[in-house]
Amino acid sequence: MPGSPELPALLAGPVLEVAPRLLGAVLRHGDVVVRITEVEAYDGANDPGSHAYRGRTRRNAVMFGPPGHLYCYFTYGMHVCCNVVCGPEGTSSAVLVRAGEIVDGLELARERRPRASDRDLARGPARLCSALGIELDHDGTDLVAGPVTLTLGEPAADVSTGPRVGLRGAPDRPWRFWLTGEPTVSAYRPAAPLRRR
DNA sequence: GTTGCGATGCGCT
DNA sequence: GCGCATCGCAACA
């Protein structure tokens, strides 16, 4: 099922305007469909918290490309997280998809995450990718053509904002957005200091 | 609900 | 080598 052809134009605006527009949008991969409930904005070269802050590398190359593509990365030795690339081509901003509600394909999502409650199936960026079956191979996916597709809805009516989760290197900016009152929004954890081994 | 900590491997300095 | 846009589990409140 292809996405809407006007998606890239809708995502080409400033990241702080695009990020809240993704709340309530629908991310689909095969039979599993997620309604996005929580995101974070990353402002490319201007943002010490962004993977693109120190310039282009092989890993972050997709962030520098056109909007409407998926940037996937591997972290903590075992997890995949995904972002929606936004802003005009040549800039490097993106929106991390942090959490969502499964709205279709519940059985398959449960198979992929057998120990999670339904509320936790896509509560957290790595959990969301796991439930959707998104892997590193999906880095660079065109979100109109698929296999992963994004469909925007109407702008959300009740949006909350706060500091981003788990960053050590960046000053706190209120660039996390979520649907107020949603039970599927991930619990806030401030960045933890390093522990000795 | 909270806090503490180990798992795990790649990207980058 | 060091650090990481995390998670699941155990223990506690």
Side-chain angles (χ1 to χ4, degrees), chain A residues 15-16 18-20 22-23 27 34 36-64 69-87 91-102 109-141 148 150 160-178 181-197:
Chain A
V15 64
L16 292 180
V18 171
L22 295 185
L23 295 173
L27 198 58
V34 164
I36 297 171
T37 57
E38 180 188 3
V39 298
E40 279 175 3
Y42 286 86
D43 189 18
N46 307 313
D47 179 2
S50 170
H51 286 174
Y53 183 60
R54 289 175 181 81
R56 182 177 180 141
T57 65
R58 180 135 86 246
R59 177 175 70 154
N60 66 24
V62 172
M63 298 178 85
F64 290 80
H69 290 245
L70 201 63
Y71 164 53
C72 304
Y73 67 91
F74 180 78
T75 192
Y76 289 102
M78 56 198 116
H79 300 303
V80 174
C81 301
C82 72
N83 297 245
V84 174
V85 175
C86 63
T91 64
S92 52
S93 57
V95 178
L96 173 68
V97 183
R98 283 201 57 88
E101 173 196 11
I102 309 286
R110 285 171 176 156
E111 273 177 41
R112 287 171 171 155
R113 299 184 31 73
R115 304 163 117 146
S117 66
D118 285 356
R119 180 203 192 210
D120 286 344
L121 284 172
R123 189 184 190 226
R127 294 163 169 178
L128 179 140
C129 284
S130 175
L132 276 169
I134 291 175
E135 305 184 43
L136 264 191
D137 289 349
H138 295 103
D139 187 39
T141 297
V148 181
L150 178 68
S160 300
T161 71
R164 297 181 291 186
V165 175
L167 281 75
R168 259 165 275 231
D172 285 2
R173 307 179 186 193
W175 288 0
R176 173 174 171 246
F177 301 86
W178 67 92
E182 262 292 324
T184 55
V185 171
S186 58
Y188 174 66
R189 296 277 185 288
L194 291 179
R195 298 176 298 271
R196 39 183 306 246
R197 319 209 68 210

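Within every chain, numbering begins at 1; the chains are lettered A, B, ... in the order of the sequence lines, protein sequences first and strands thereafter.
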Test ring pair (Phe, Tyr, Trp, His ring centres under 6.0 Å) applied to A:F74 - qualifying residues, sequence neighbours left out: none

C:dA5 base / A:Y73 side chain donor-acceptor hit below 3.5 Å: yes

Set of residues satisfying salt bridge (Lys or Arg N to Asp or Glu O under 4.0 Å) with respect to A:R164, sequence neighbours excluded: A:D47

d(CH2, A:W178; P, C:dA5) in whole Å: 20 Å

Touch class at under 4.0 angstrom, heavy-atom based, for A:L167 against every strand present: sugar-phosphate

Separation of B:dT3 P from A:Y188 OH (nearest whole Å): 12 Å

Pairs flagged by ring-ring contact (aromatic ring centres under 6.0 Å, His included) wherever residues 109-130 of chain A is involved - sequence neighbours left out: none

Tabulate protein N/O versus nucleotide N/O from nucleotides 9-11 of chain C, keeping only pairs under 3.5 Å, one per line.
residue: C:dC9; atom: OP1; partner: A:R115; partner atom: NE; Å: 3.1

For A:G55 against A:F64, the heavy-atom pair lying closest together: C-CZ, 3.8 Å

Closest heavy-atom pair and its distance - A:I102, A:A122: CD1-CB, 4.1 Å

Any protein N or O atoms within reach of nucleotides 10-13 of chain B? Criterion: under 3.5 Å, listing atom names and distances.
residue: B:dC12; atom: OP1; partner: A:T57; partner atom: OG1; Å: 2.5

Centroid distance under 5.5 Å and plane angle under 30°, A:Y76 vs C:dC4: yes

Partner residues of A:R98 under the salt bridge (Lys or Arg N to Asp or Glu O under 4.0 Å) criterion, sequence neighbours left out: A:E38, A:E40

Nearest-Å distance for atom pair CZ/C1', residues A:R189 and B:dT2: 8 Å

Set of side-chain hydrogen bond (donor to acceptor under 3.5 Å, both in side chains) partners for A:E101, sequence neighbours left out: A:R35

Contact under 4.0 Å: A:R98 side-chain N or O vs C:dT6 OP1/OP2: yes

side-chain hydrogen bond (donor to acceptor under 3.5 Å, both in side chains) involving A:T161 - partner list, sequence neighbours excluded: none

A:D172 CG - C:dA5 P separation (whole Å): 14 Å

Strand contacts (DNA chain C) in residues 123-135 of chain A, 4.0 angstrom heavy-atom criterion: A:G124, A:P125, A:A126, A:R127

Sugar-phosphate, base or nothing in reach of A:R113, heavy atoms under 4.0 Å: sugar-phosphate

Nucleotide B:dT8, atom C1' - distance to CE of A:M78 in whole Å: 4 Å

Phosphate OP1/OP2 of C:dA5: any A:R168 side-chain N/O under 4.0 Å: no

Pair assignment for DNA chain C - dot-bracket with | for other-strand partners, Watson-Crick or G-U under 3.5 Å: ||||.|||||||.

Which residues share a side chain to side chain contact (heavy atoms under 4.5 Å, CB included) with A:Y76, sequence neighbours left out: A:H79, A:R168

Partners passing salt bridge (Lys or Arg N to Asp or Glu O under 4.0 Å) against A:D118 (at least two apart in sequence or in another chain): A:R110

Straight-line distance of A:C82 SG to A:L27 CG, nearest 0.5 Å: 6.0 Å

